[in-house]
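Working notes for the structure below.
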Amino acid sequence: MTRQHWILLAAAGALALLVLGGLHLAAGRLETALRDALGPRASIGAVHLGLTGVEVDDLRIQAAPGAWPAADELVARRVRLRPGLASLWSRGWHIAHIEVDDGYLSLLRSRQGKLRVLPALLDKPSSGSESGPAPQVHIAEVELHEVAIDFFDASVHGPTHRMRFESLQAQVGPLAIPAFDRPTDIALQATLKGPQKSGGINIDGSVTIATLDAKLDAAVQGVDLVALQPYLLKVNEAGVRHGTLDLTLAATVKAHKLHAPGRVILTGLELASGGGLLSTFAGVPRQAVLAAMQRDGRIEVNFTLDGRLDDPNFSINDSLATKLAGGLAEALGVSLSGVVEGVGSVIKGLLGR
């Protein structure tokens, strides 16, 4: 090996040591910042500082007693964080990779429809000028493996409804916090648990959280209708005994304008007894639903969601409800009259708008 080769090899080794040293230094700073940010309700089993990152074992953030529907806001058996070298010279934190194994997260939709997540971290009150601006965090990629989610919905009629998602796998990034002004790619798969069977959920696409610009494809396969009863039934309607729901949706949002064609399929629907000849299901004549199921074994409805997300009156407007109801009425062979309200209630419940 020539002298020039030795020089190049030594330079490469020195550069590698410099990079490793920089990553180790950044990891040490990240560990300190992590402990400070988690707050008083958080506990950590162990923290391991490696050459290129930080590994956290048995992370738990407990919920405030009496103020949250679950005992914990977040639990993770293992979290791996690898900082970016830019954290050494740039403002804020640059994290190249976050990986969460065997985790749990609880979400709450309030009676007013507002979604809340990790209030211990995200609902901290501002203390004025003393707190200063929120730190900037740039995360290149987040991976979730075998994560469970409890979604508590207080916006439905009656008691708070809980839906359980399990075996969630996801890849999300990049994230620019707190601005959220960059497109974030999302690839997510999960299982929605039901009393009788479990169904699959897939979401793929991108969204810019600050502007709501998005291009997302969503698919739901074989979800237990019993788990969706609060969204399907109006007050005093008989319950669902059996059935599954499939849904496909291709949503695009540009400059706050939503366009999302989709299809819903109800299969093997069986309703609980009661209600008489004039009873309804989701505002639709019950006898028409049962006749369609007996004839075809399923009901298919095509629909298109259109509207402006910055319009305070846009939740389920009359034209949208009419289109959805028209598809359902056509599938069932019933009059459109009286169907609009029922279909609108179903979609409103599912989408929280």
Side-chain angles (χ1 to χ4, degrees), residues 34 38-39 41-46 55-81 97-110 114-123 139 141-156 159-173 175 184-205 207 209 216 218-231 244-247 349-352:
L34 180 65
L38 287 176
R41 296 207 301 268
S43 62
I44 295 175
E55 184 172 299
V56 179
D57 293 339
D58 299 321
L59 170 63
R60 181 187 183 192
I61 300 179
Q62 291 181 285
W68 196 251
D72 298 305
E73 296 179 12
L74 175 71
V75 177
R77 182 176 60 84
R78 181 176 296 112
V79 181
R80 302 181 185 90
L81 303 96
H97 191 78
I98 297 177
E99 187 171 0
V100 179
D101 294 328
D102 193 14
Y104 167 82
L105 181 68
S106 56
L107 310 176
L108 172 64
R109 188 157 74 189
S110 69
K114 180 182 178 181
L115 184 65
R116 298 181 63 202
V117 56
L118 289 174
L121 302 181
L122 303 180
D123 288 0
I139 304 173
E141 184 181 41
V142 178
E143 284 191 49
L144 306 177
H145 303 290
E146 295 299 325
V147 172
I149 294 178
D150 275 334
F151 176 60
F152 297 92
D153 193 349
S155 68
V156 299
T160 297
H161 181 58
R162 170 179 173 263
M163 288 195 292
R164 175 80 173 188
F165 299 86
E166 294 185 352
S167 301
L168 185 143
Q169 313 284 336
Q171 298 81 41
V172 180
L175 291 165
T184 298
D185 295 328
I186 299 173
L188 179 151
Q189 305 86 40
T191 298
L192 174 57
K193 302 292 289 184
Q196 299 175 355
K197 65 167 296 183
S198 298
I201 295 178
N202 293 272
I203 299 175
D204 188 73
V207 58
I209 298 174
L216 294 170
V220 173
Q221 304 95 19
V223 169
D224 191 346
L225 280 172
V226 177
L228 302 178
Q229 284 194 89
Y231 308 112
T244 61
L245 177 142
D246 296 272
L247 178 145
L350 291 173
L351 299 180

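Scope of the values below: all heavy atoms of this structure, side chains included, with no hydrogens, waters or symmetry mates.
- In this structure, the side chain of Arg41 engages the main chain of Gln62 through a donor-acceptor pair within 3.5 Å.
- Applying the salt bridge (Lys or Arg N to Asp or Glu O under 4.0 Å) criterion to Arg162, with sequence neighbours excluded, gives Asp150.
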Only distances under 3.5 Å count here; give the side-chain donor-acceptor pairs of residues 185-197 to other protein atoms, sequence neighbours excluded, each with its distance to 0.1 Å.
from: Lys193; atom 1: NZ; to: Ser198; atom 2: OG; distance (Å): 3.4
from: Gln196; atom 1: OE1; to: His242; atom 2: ND1; distance (Å): 2.8
from: Gln196; atom 1: NE2; to: Arg241; atom 2: O; distance (Å): 2.8

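- Here the OH-CZ distance, from Tyr104 to Arg60, works out to 10.5 Å after rounding to the nearest 0.5 Å.
- Proximity of a side-chain donor or acceptor of His161 to a complementary backbone N or O of Leu228 within less than 3.5 Å is not detected.
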**Report entry** Derivation and outcome, side-chain contact (heavy atoms from CB on, under 4.5 Å), residues Met163 and Asp153
**Finding:** CA-CA 8 Å; Met163 288 195 292; Asp153 193 349; 5.9 Å; no

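- The main-chain N or O of Leu175 is never found under 3.5 Å from a side-chain atom of Thr184 such that the two would form a donor-acceptor pair.
- Atom CD1 in Ile98 sits 4.0 Å away from atom CD1 in Ile139 (nearest 0.5 Å).
- Side-chain contact between Leu168 and Ile201: absent, with no pair of heavy atoms (C-beta onward) separated by less than 4.5 Å.
- His97 pairs by the ring pair (Phe, Tyr, Trp, His ring centres under 6.0 Å) definition with nothing, not counting sequence neighbours.
- Rounding to the nearest 0.5 Å gives a distance of 12.0 Å between CG of Asp102 and CG of Leu144.
- With sequence neighbours excluded, the residues forming a salt bridge (Lys or Arg N to Asp or Glu O under 4.0 Å) with Arg80 are Glu55, Glu99, Asp101, listed by chain and number.
- The salt bridge (Lys or Arg N to Asp or Glu O under 4.0 Å) test applied to Glu146 returns no partner, not counting sequence neighbours.
- Shown here for Ala63 and Ala70, the closest heavy-atom pair between the two residues is CB-O, 3.3 Å.
- Between Gly222 and Asp246, the closest heavy-atom pair is N-OD1, 3.0 Å.
- When all heavy atoms are compared, the tightest approach of Ile203 to Ala218 is CG1-CB, 4.3 Å.
- How far CG of Leu105 is from CD1 of Ile149: 5.5 Å, rounded to the nearest 0.5 Å.
- Rounding to the nearest 0.5 Å places CG of Leu59 at 7.0 Å from OG of Ser43.
- Of all heavy-atom pairs between Leu108 and Trp68, the closest is CB-CH2, 3.7 Å.
- For Asp57, the salt bridge (Lys or Arg N to Asp or Glu O under 4.0 Å) partners two or more places apart in sequence, or in a different chain, are Arg78.
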